Protein chains: 2
Amino acid sequence: MADTTREKIIELADRLIRTKGFNAFSYADISAPLAIKNAAIHYHFPSKADLGISVIDHELERFAAQQRKWAQLPEDEQLKKLSGIFRQRSRQGTICLVGSLTPDYDTLPAPMQQKVQEMCSTLLQWVAQCLEKGRAHGRFDFEGSAEDRALLVMSNLLSSLLFSRALGGNIFGRMSDRMMKDIL
Amino acid sequence: MADTTREKIIELADRLIRTKGFNAFSYADISAPLAIKNAAIHYHFPSKADLGISVIDHELERFAAQQRKWAQLPEDEQLKKLSGIFRQRSRQGTICLVGSLTPDYDTLPAPMQQKVQEMCSTLLQWVAQCLEKGRAHGRFDFEGSAEDRALLVMSNLLSSLLFSRALGGNIFGRMSDRMMKDIL
DNA sequence: TTGTTTACTTACTAATTAGTAAGTAGATTT
DNA sequence: AAATCTACTTACTAATTAGTAAGTAAACAA
């Protein structure tokens, strides 16, 4: 769990963005469960955009840390680790930040749009590099460029959470299995 | 263009859901451009959920009409027609209703959740049947069940609009090309 | 010990939200 | 001609929204 109020706010905002969306959650959704006043949130994050940016930064840091932890694994195992994170999300009923924030992109303040862009390219670049190296090491077999394939891989992970939300069942499992088999 | 006020409201709401999201658009976003009062919207659609449901129904009817128009084409051509609709969307900068409404699913009133479910299964069923028949006719070549493959196809069409929104460029073209080549 | 910073609370605002009740002008029905 | 229906407008409400200004208690620094 989080120590400081600031961290608690970020973690709760993260969950709210994933469950309700950036525009649909309010300061009251954070202040009530943490038993603080909404002004306390504004103290740490002057505007809602500042909070949103911190949530994305927090996610990017976690992702970077995990990357480093996986760096020694074979590339197909690294991709399975990423897929495992999404599997967990599908069990929790939460979606990914990309799936939550890109639909609202046009309504976001400019600094947040930039952060969303940064998050998308960071994730796609990592997947592309993983696929590229994995193919060179004979661990992946697919047609087309690694960048294009990375788009499809991220697409399937992201959408499996969206479809799971509306249709339930083991949609995540079906999609990720099929996706991995396609590139192995 | 639309004749009646009711139809104008539905078409504008459709665009607002695709650009801003269901929770982020307001009655003022509709009443101002149509030069009517917000009470006029409530006259046609008592609650926001009623309006949302009508938008989905309108989309389902359009989709059913197009299906019928394509019914005589070979299945790969039918899928290309569907992809063409998404290509148009990517040029307009609008996303699809599934990509807009499934992230907000948990915040939607129950009757709208049901409609979103219906829309998802309708689209997925059509794609699955198209793939299934197309494979039987030697027009598609892919591994796994048609239902699982339909999930990946819809996933890629949907996500290409989300990624396009945040990253720009010809992401739709890259993703749909790769996706079609994978199953042809 | 005095001054300053940190991390809040209290108390508030202006704007926006979906939704409603009552009235009305014109068309349609009886 | 009278009554009803359709498609609105006028005028309003209660709730919620992000954000602010001023105060405060405790920790820390000079």
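In the text below, chain A, chain B and the rest are named by the order of the sequence lines, each starting its count at 1. Since the model is a prediction, treat every value here as computed from it, not as a measurement. All values below were derived from every heavy atom in this structure, side-chain atoms included, with hydrogens, water molecules and symmetry-related copies excluded.
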Taking [atom1] from [X] and [atom2] from [N], how many angstroms apart are they, rounded to a whole number?
X: A/Asn23; N: D/dT16; atom1: CG; atom2: C1'; answer: 15 Å
X: A/Asn38; N: C/dA14; atom1: CG; atom2: P; answer: 16 Å
X: A/Ile30; N: C/dC8; atom1: CD1; atom2: P; answer: 14 Å
X: B/Asp50; N: C/dA18; atom1: CG; atom2: C1'; answer: 12 Å
X: A/Ile41; N: D/dT20; atom1: CD1; atom2: C1'; answer: 14 Å
X: B/Tyr27; N: D/dA14; atom1: OH; atom2: C1'; answer: 16 Å
X: B/Phe22; N: C/dT17; atom1: CZ; atom2: P; answer: 14 Å
X: A/Ile36; N: D/dT24; atom1: CD1; atom2: P; answer: 21 Å

Considering only side-chain heavy atoms of [X], which listed nucleotide, [options], is closest?
X: A/Ala28; options: C/dA21, C/dT17, D/dT17; value: D/dT17
X: A/His42; options: C/dT10, D/dT9, D/dA18; value: D/dA18
X: B/Lys37; options: C/dG19, C/dT9, D/dT10; value: D/dT10

task = Ignoring hydrogens and angles, tell me if any N or O in the side chain of B/Ser159 forms a donor-acceptor pair with the backbone of B/Leu162 under 3.5 Å.
result =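 No; judged by distance alone, with no hydrogens or angles, the pair does not exist.
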request  = Kindly say whether B/Ala128 contributes a backbone atom to a donor-acceptor pair with the side chain of B/Glu147 at under 3.5 angstrom?
outcome  =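 No, because the side chain of B/Glu147 does not come within donor-acceptor range (under 3.5 Å) of the backbone of B/Ala128.
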inquiry  = Under 4.0 Å, counting only non-hydrogen atoms across every strand here, what does B/Lys48 touch: a base, just sugar-phosphate, or nothing?
reply    =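 Here B/Lys48 touches the backbone only, sparing every base.
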query = Within the structure shown, what part of the strands sits under 4.0 Å from B/Phe45 by heavy-atom distance: base, sugar-phosphate, or nothing?
reply =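 Nothing: the residue B/Phe45, judged by heavy atoms under 4.0 Å, touches no strand.
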query = Looking only at heavy atoms, which two atoms of B/Ile95 and B/Arg89 are closest? And how far apart?
reply =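 That closest heavy-atom pairing would be O-CD, 3.9 Å.
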Within the structure, does a side-chain N or O atom of [X] lie under 4.0 Å from either OP1 or OP2 of [N]?
X: B/His44; N: D/dC8; value: yes
X: B/Thr5; N: D/dC8; value: yes
X: B/Ser26; N: C/dT16; value: no
X: B/Tyr43; N: D/dT6; value: no

Sub-4.5 Å side-chain heavy-atom contact between B/Phe172 and B/Arg87 =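 They are in side-chain contact.
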request  = Give the ring-plane orientation class for A/Phe22 versus A/Phe25, where under 30° counts as parallel, over 60° as perpendicular and anything between as tilted.
outcome  =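 Perpendicular: the ring planes of A/Phe22 and A/Phe25 meet at over 60°.
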